[in-house]
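Below is one structure, written out as structure tokens, with a few remarks after it.
If you're wondering where the values come from, they're calculated on a predicted model, not measured in any experiment. In what follows, every heavy atom counts, from backbone to side chain, and hydrogens, waters and symmetry copies are set aside.
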Amino acid sequence: QVQVVESGGGLVQPGGSLRLSCEVSGYTVRLANMAWYRLAPGKQRELVARIIQWSPINYGDSVKGRFTISRDKDKNTVYLQMNDLKAEDTAVYYCNASTVWGPGTQVTVSS
């Protein structure tokens with residue numbers, strides 16, 4: 001009954017920024033493990049960022065220093081701030097909340 005919905009994707013120029021949101025609803029137990037993954041055509045799905053309660057934040061090597069994951073005070077929304085976007089960041093970005101996946105949001109980086 002848990003629902004996960006991503007938003008905030010779109011078209012952005014190289015060097016630009018986007019902020020993705022992942023809203024989680026329908027759960028009765030607080031979700032402590034939330035993560036962003038991405039999938040580009042012809043590539044393997046890769047971890048972008050993961051935030052785990054009481055544990056350090058993890059980032060994929062390709063996005064370190066550019067992307068920031070955060071969670072709101074109510075713990076039902078996770079954000080992904082993406083700065084200095086590159087063409088290779090183009091992908092469908094998926095939110096995962098304690099094993100439940102959202103439908104994804106498309107991010108396209110192109111001039």
So which atom in [X] and which in [Y] form the shortest heavy-atom distance, rounded to 0.1 Å?
{"X": "Met82", "Y": "Tyr93", "answer": "SD-CE2, 3.9 Å"}
{"X": "Ser111", "Y": "Pro14", "answer": "N-CD, 3.7 Å"}
{"X": "Asn83", "Y": "Ser17", "answer": "OD1-OG, 2.9 Å"}
{"X": "Val5", "Y": "Pro103", "answer": "CA-CD, 4.3 Å"}
{"X": "Cys95", "Y": "Glu6", "answer": "N-OE2, 2.7 Å"}
{"X": "Gly104", "Y": "Val92", "answer": "CA-CG1, 3.9 Å"}

Honestly curious: do [X] and [Y] fall in one hydrophobic cluster under the side-chain, below-4.5 Å linking rule?
{"X": "Ile57", "Y": "Tyr37", "result": "no"}
{"X": "Leu85", "Y": "Val63", "result": "yes"}
{"X": "Leu80", "Y": "Tyr94", "result": "no"}
{"X": "Val107", "Y": "Val48", "result": "yes"}
{"X": "Val2", "Y": "Trp36", "result": "yes"}

Taking [Y]'s backbone N and O only, do any of them form a donor-acceptor pair with [X]'s side chain (distance below 3.5 Å, no angle check)?
{"X": "Thr90", "Y": "Thr108", "value": "no"}
{"X": "Arg19", "Y": "Gln81", "value": "no"}
{"X": "Tyr59", "Y": "Ile69", "value": "yes"}

Run the side-chain donor-acceptor check on residues 39-46: report pairs under 3.5 Å with partners two or more places apart or on a different chain.
from, atom 1, to, atom 2, distance (Å)
Glu46, OE2, Arg38, NE, 2.6
Glu46, OE2, Arg38, NH2, 3.0

Evaluate the side-chain contact (heavy atoms from CB on, under 4.5 Å) criterion for residues Ser110 and Leu11: first the C-alpha distance (whole Å), next the side-chain angles of each, then the deciding distance (0.1 Å), finally the verdict. CA-CA 7 Å; Ser110 180; Leu11 176 65; 4.2 Å; yes

Does a sphere of radius 6.0 Å around CD in Gln13 hold more than 12 heavy atoms from other residues, nucleotides or ligands, not counting ones at 6.0 Å or beyond?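 Count not over threshold, so no.
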
For Lys64, is there an ion pair with Asp61 - N to carboxylate O distance below 4.0 angstrom?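 Here Asp61 pairs with Lys64 in a salt bridge, since their nearest N and O are under 4.0 Å apart.
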
Any Lys86 side-chain heavy atom under 4.5 Å of Arg66 side chain: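 Sidechains of Arg66 and Lys86: in contact.
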
I want to check something: taking the side chain as every heavy atom from C-beta on, are Asn33 and Arg50 in contact at a cut-off of under 4.5 Å?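 Asn33 reaches Arg50 side chain to side chain.
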
Would you check, one step at a time, whether the test side-chain contact (heavy atoms from CB on, under 4.5 Å) holds for Val78 with Ile51? CA-CA 9 Å; Val78 65; Ile51 183 166; 4.2 Å; yes

